[in-house]
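Some notes on the structure that comes next.
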Amino acid sequence: MSLPPRVASLGAVSLFLFGSGLSACSESILNNRAAPATGGGAAVDGGPIPGPVAGGAGGGGSGSLAAAAKASGRLFGAALNAGHLSKDASYKAIAAREFNYAVAEWEMKWDPTEKTDDVYNFTLGDQIADFAEENGMAIKGHTLVWYQATPAWVKALSTPDAVRTAMNEHIDTVVEHYKGRIRCWDVVNEAFDDTPSAAHRDSPFFNQLGEDYIAEAFVRARAVDPDALLFYNDYGIESPGPKLDAVVDLVEKLLAADVPIDGVGFQTHVSLDFPSGVQLAGAMKRITDLGLMVNISEIDVRLGKNGETRDMPTRLDLQAKRYADLVGACMGNELCESITVWGVTDQYSWLNVQDFDWAGPGPHDPLLFSSTYEKKAAYDSTLAVLLGE
Ligand code: XIL
């Protein structure tokens with residue numbers, strides 16, 4: 001199967017204006033943008049993995065999640081932590097065996113890479129990239145512009161020029177550093193809030209530059225690394241609602257203005273009860289109908305919630321069904337190019353080591369491997385869906 005026109009003809013040059021009117025700034029950056037990526041031009045189902053796979057995507061032992069995903073032309077990834085890779089041999093061995101896509105859980109964000117203006121530190125991010133390449137894994141970059149993990153010095157900037165300069169220099173330096181190694185960047189993360197109007201989040205970027213910061217970031221990233229795929233990434237868009245509408249609207253505006261965006265990531269941090277695979281499939285279709293790719297970018301299915309009464313075997317069984325259902329939504333869409341779990345083992349899951357009001361009390365144990373590295377029922381159900389069983 002071939003990709004739809006948007007993905008197949010990323011080189012086409014056509015400039016449409018934002019429905020709301022293109023600002024002078026967007027107009028100039030759009031006119032000056034570099035040639036778009038080829039996107040690899042490959043089909044997903046059964047074909048080669050789409051997009052540049054500089055780091056490999058050969059990773060994954062036989063019988064692994066990666067091998068099963070690869071047979072359908074997809075990547076199966078995990079968020080990795082440099083500290084665990086260096087200290088925990090079991091973690092490292094399972095990461096190398098099961099996955100062919102690596103994303104840094106923290107290490108490539110703005111705070112760890114440029115905590116002080118113009119002082120860059122790529123040590124930990126490089127450790128993850130090196131591990132990925134040593135094991136034949138492709139690498140996803142996460143993330144360039146986000147309202148969180150933004151250093152204090154960026155938050156203190158008080159003029160549009162200062163924020164624009166900081167954002168552009170950060171994108172230039174980080175994307176250049178990893179150029180040729182990163183298959184895909186999450187360029188902008190979580191731009192919209194959780195209010196009924198899904199408003200743009202309060203951030204130095206939106207506050208100083210307005211919504212055009214998003215287009216500017218994508219154009220900038222493409223100019224630095226024309227071969228990397230560029231994705232917008234968010235949570236709470238896995239079912240119908242104002243945030244999904246806002247993201248669809250954003251994508252339509254970006255495409256109409258010929259801004260280089262290749263896809264949308266659905267984080268998929270979900271509970272035992274919501275959303276359904278049918279809902280996720282429908283949400284993804286709204287994006288792929290526009291000609292973009294999609295992925296499941298950060299899936300975890302938490303066991304705990306406020307008032308939970310079901311016993312643990314029931315919950316683990318339900319978790320397995322939920323993984324199968326949601327991963328199945330990706331498998332059912334030829335433009336869903338990868339599935340990434342947000343961690344390797346329950347032991348280190350962000351939902352187990354931190355408390356969040358929205359998640360309620362744990363234990364959440366939301367991943368595919370237990371804290372002692374046993375394969376959970378969710379591992380088996382996920383593997384079966386990847387294998388088409
Ligand atoms: C989280 C990490 O898992 C934590 O370790 C860190 O403290 C905060 O960030 N959406 C995202 C991810 O895009 O970057 C977040 O990762 C989880 C939610």
Side-chain angles (χ1 to χ4, degrees), residues 77-88 91 95 99 101-115 124-125 127-128 139-152 154-155 170 174 178 182 184-194 198 200-201 203 205 214 217 221 230-238 243-244 246-247 250 263-271 275 280 294-302 326 338-360 362-369 371:
L80 300 179
N81 173 297
H84 304 326
L85 281 176
S86 68
K87 291 188 195 115
D88 183 337
Y91 176 96
F99 305 102
Y101 207 17
V103 58
E105 184 171 0
W106 177 251
E107 294 81 345
M108 292 189 193
K109 292 170 182 172
W110 196 323
D111 209 35
T113 53
E114 194 194 6
K115 197 169 186 58
L124 296 178
Q127 286 173 14
I128 291 178
I139 308 167
K140 180 155 66 163
H142 177 82
T143 176
L144 297 171
V145 184
W146 187 25
Y147 76 103
Q148 287 186 35
T150 304
V154 178
K155 290 183 186 157
H170 183 76
V174 177
Y178 287 111
I182 298 284
C184 171
W185 272 105
D186 287 336
V187 178
V188 175
N189 198 33
E190 301 179 354
F192 301 103
D193 71 19
D194 300 312
H200 279 275
R201 281 186 193 278
S203 73
F205 316 106
I214 299 175
L230 303 180
F231 271 52
Y232 174 80
N233 191 51
D234 214 332
Y235 71 87
I237 57 171
E238 296 85 4
K243 207 195 264 192
L244 176 62
V247 172
L250 169 70
V264 170
F266 291 73
Q267 291 185 11
T268 320
H269 297 290
V270 301
S271 74
L280 177 58
V294 293
N295 62 38
I296 293 179
S297 55
E298 306 184 9
I299 190 170
D300 48 23
V301 180
R302 53 190 182 272
L326 294 163
S338 64
I339 298 130
T340 297
V341 282
W342 205 241
V344 174
T345 160
D346 287 339
Q347 183 186 358
Y348 304 132
S349 162
W350 70 308
L351 298 177
N352 274 17
V353 301
Q354 290 171 266
D355 282 330
F356 297 97
D357 288 346
W358 55 266
H364 290 292
D365 291 347
L367 295 171
L368 302 180
F369 285 89
S371 290

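Computed over heavy atoms, backbone and side chain alike; hydrogens, waters and symmetry mates excluded. We count ligands from 1, going down the list as the structure has it; atoms in each ligand are counted the same way.
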- Message: So does L367 get a backbone contact from the side chain of D300, meaning a donor-acceptor N/O pair under 3.5 Å?
- Response: no
- Query: Backbone, side chain, both or neither: what part of N189 comes under 4.0 angstrom of ligand 1, heavy atoms only?
  - Reply: side chain
- Task: For E190, counting its heavy atoms only, list the atoms of ligand 1 lying under 4.0 Å from any of them.
- Result: 10 (N), 11 (C), 13 (O), 18 (C)
- Note on the structure: Taking only non-hydrogen atoms of H269 and a 4.0 Å limit, the atoms of ligand 1 in range are 18 (C)
- Does Q267 approach ligand 1 within less than 4.0 angstrom via side chain, backbone, both or neither, non-hydrogen atoms only? side chain
- For the residue pair D88 and Y348, establish whether any side-chain heavy-atom pair is separated by less than 4.5 Å. yes
- Message: Quick check against the 3.5 Å criterion: does D365 have a side-chain atom that pairs as donor or acceptor with the backbone of D346?
- Response: no
- What protein heavy atom sits nearest atom 7 (O) of ligand 1, and how far away is it? Q354 OE1, 3.6 Å
- When rounded to the nearest 0.5 angstrom, what distance separates CH2 in W342 from CD in Q267? 7.5 Å
- For ligand 1, which atoms sit closer than 4.0 Å to a heavy atom of H142? 11 (C), 12 (C), 13 (O), 14 (O)
- Message: Going by salt bridge (charged side-chain N to carboxylate O under 4.0 Å, His left out), name the residues that satisfy it together with K115, two or more places apart in sequence or in a different chain.
- Response: D111
- Item | Partners passing salt bridge (charged side-chain N to carboxylate O under 4.0 Å, His left out) against D234 (at least two apart in sequence or in another chain) | K243
- Task: Would you tell me whether E114 and W110 have side-chain atoms, one donor and one acceptor, within less than 3.5 Å of each other?
- Result: yes
- Message: How long is the straight-line distance from NZ of K109 back to CD of Q148, given to the nearest 0.5 Å?
- Response: 7.5 Å
- Message: Among all protein heavy atoms in this structure, tell me which lies nearest to atom 5 (O) of ligand 1, with the distance rounded to 0.1 Å.
- Response: E105 OE2, 3.3 Å
- Message: I need the nearest protein heavy-atom contact for atom 9 (O) of ligand 1: residue, atom name and distance, please.
- Response: K109 NZ, 3.1 Å
- Judged by heavy atoms only, the candidate from Y235, F356, W342 nearest atom 16 (O) of ligand 1 is W342
- Note on the structure: Judged by heavy atoms only, the candidate from W146, Y348, W106, W350 nearest atom 17 (C) of ligand 1 is W350
- Task: Take every heavy atom of Q148, measure it against each atom of ligand 1, and state whether any distance is under 4.0 Å.
- Result: no
- Query: How far is atom 13 (O) of ligand 1 from its nearest protein heavy atom, and which residue and atom is that?
  - Reply: E298 OE2, 2.7 Å
